[in-house]
Amino acid sequence: MTQPTANSNATSLETIFNQSTSSLNSFAPRLLDWFAENGRHDLPWQQHQTDKPNPYIVWLSEVMLQQTQVTTVLPYFARFMTSFPTVQDLAAAEWDTVAEHWAGLGYYARARNLHKGAKQLVAVIDETGDFPQTLAGWETVSGVGPSTAGAIMAMGLHRYGVICDGNVKRVLTRWAAIDGDITKSATTKDLWALAERLTPIENSGLFAQAMMDMGATLCTRSKPACLLCPLKDDCLAHAEGRETDYPVKAKKQPKPSKFSNALLMEDIDGNILWLQRPDNGIWGGLWSLPLQFVEKIDGKASGQTTAKKPDASDNKKLEVRSSEKVYEAEFTTAEQIIHEWLTENQLVAASTSSTLLDDDPIKHSLTHFHWYLTPQKLTINAKQMTKLNEKLAAAEIAFKWLSEQKAQDSLGLPRAMIKIIER
DNA sequence: CTCCAGGAAA
DNA sequence: TTTCCTGGAG
């Protein structure tokens, strides 16, 4: 039987989605049935079984889950909820306490935005008596973008909200065989339109939960469990056996490599110097050993499979480069001060003697470069330490002399620093 | 080992 | 469009 005219019109309007109206309409019921039967209902931040959802819990967990898997987030979430049971507790906390709680989760701008967002939310609550109730209201909170705001609306307030995160994009590009590059804004726009078309007005929270569960447990990047999928009958990628061809993403360019020395500067009491990094840039707001830039190599090191090991000649290179542009680009203010102080004290030149002890580099890969960090130990006498402390204090640098153990226990240290001190 | 995924901000 | 980090898969 042919479709009535009204439906034909609807179908033609929806051809950008590559799917029939009946498939589009039955998507949500199929997904929700699957979720009720097979989804995860015991995650500590889920609010779908209560009539009084807690937006703080959903906001906190969604920010943590932004670029991080559930199993990684679980212990961090538990510790945050113990230390900061309410948004007021989080807003009132010291930044260093928040940083220490977040340390190891990565993408530390999320932690800074979370702390800032808590203060913003407390201001809204003090003024209106409640959390923001609109999508636009949530999007003004630092660290909350379109998808997180939709998740909070749907799951944290039980209002209408649409999500379109990485899980959703993987499910939808496969189901509708959307072969545009998902890093392009045009494809993102199409995927949002499709997500909105599929999200039911009622139960958008359950739908969001179900989509994330689908993407995380069934429609995985590799080896998707299509036989268990409630969408397999009209999944266009599955029909062609091309599930893993989606989502389409432009190939990434090779990463450059950077080489730095990580200084273990030990005073006479055996304490080590730690610096708080600036808010912007890598490990923003966290604590690190002083790093000294050595050199940068573009792209893949040609034919070189093992890490280059910076030696005394590289330190000479540093001296030459220190007057060039790269100097300011690669050093924080604190590290420039330390570099000058090292030079004054002729400690750099001593690297070939027993004063600086070379060690194997630690490899730490970030989004857009590989970082080879070579730990170097040097002992500082009391007079040198006093002079250095004066210089750092004059520049208003946050610094601490702490044992490795105390630093690990009390400071927010990124993983790379843990790798170094666990040597 | 290498490669990959993932939201928001700037 | 580029910049943020880490854990897990291959």
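Only a predicted model underlies this, so the values are computations on that prediction, with no experimental measurement involved. Lettering follows sequence order; numbering is per chain, from 1.
Residue A:R110 places none of its side-chain N or O atoms closer than 4.0 Å to OP1 or OP2 of C:dC4. Contact annotation: A:T148 reaches the phosphate of B:dA8 (side-chain N/O to OP1 or OP2, under 4.0 Å). Contact between the side-chain N/O atoms of A:K223 and the OP1/OP2 oxygens of C:dA9 is not found at any separation under 4.0 Å. Listed pair A:R221 / C:dG8 fails the phosphate criterion, with no side-chain N or O lying under 4.0 Å from OP1 or OP2. OP1 or OP2 of C:dG10 lies within a sub-4.0 Å distance of a side-chain N or O belonging to A:S222. When the side-chain nitrogen and oxygen atoms of A:H364 are compared with OP1 and OP2 of C:dC5, none of them lie within a distance under 4.0 Å.
Residues A:K116 and A:G166 each lie close to DNA chain B; by heavy-atom proximity, the contact nearer the 5' end of the strand is made by A:G166. Remark on DNA chain B: of its neighbouring residues A:G143 and A:P247, the 5'-side contact belongs to A:P247, judged by nearest-heavy-atom nucleotide. Nucleotides of DNA chain C nearest to A:I282 and A:K184 differ in position, and the one nearer the 5' end is that of A:K184.
Rounded to whole Å, the distance from CG on A:N280 to C1' on C:dT2 is 15 Å. In this structure, A:K251 places its NZ atom 17 Å from C1' of B:dA5, rounding to the nearest Å. One interatomic measurement links the two molecules: NZ of A:K252 to C1' of C:dT2, which rounds to 14 Å at whole-angstrom precision. Atom-to-atom, OH of A:Y108 to C1' of C:dC5 comes out at 7 Å; the value is rounded to the nearest Å. Atoms NE2 (A:H368) and P (C:dC4) sit 4 Å apart, rounded to a whole Å. Rounded to whole angstrom, the span from the CG atom of A:L105 across to the P atom of B:dG7 amounts to 14 Å. One atom, CD1 of A:I182, and another, P of B:dC4, lie 13 Å apart when rounded to the nearest Å. What separates CZ of A:R277 from P of C:dT3 is a distance of 16 Å, to the nearest Å.
Side-chain contact annotation: A:T86 with A:D89, donor-acceptor N/O pair under 3.5 Å present. Residues A:Q209 and A:D213 bring no donor and acceptor atom of their side chains to less than 3.5 Å of each other. For A:W401 and A:D269, the side-chain atoms include no donor-acceptor pair closer than 3.5 Å.
No contact: A:V63 has no heavy atom under 4.0 Å from any strand. Within 4.0 Å (heavy atoms only), A:S142 reaches sugar-phosphate atoms of the nucleic acid but no base atom.
Of the options A:Y76, A:F77, A:F84, a ring-ring contact (aromatic ring centres under 6.0 Å, His included) to A:H101 is made by A:F84 and by none of the others.
With respect to the salt-bridge test (charged N to carboxylate O, under 4.0 angstrom), the residues A:R79 and A:E100 qualify.
The nucleotide whose nearest atom lies closest to any side-chain atom of A:R415 is, among B:dA9, B:dG7, C:dG7, C:dG7.
Ring centroid separation for the pair A:W175 and A:F27 comes in under the 6.0 Å cut-off.
Not a single donor-acceptor pair, N or O on each side, falls under 3.5 Å between the base of B:dG7 and the side chain of A:Y107.
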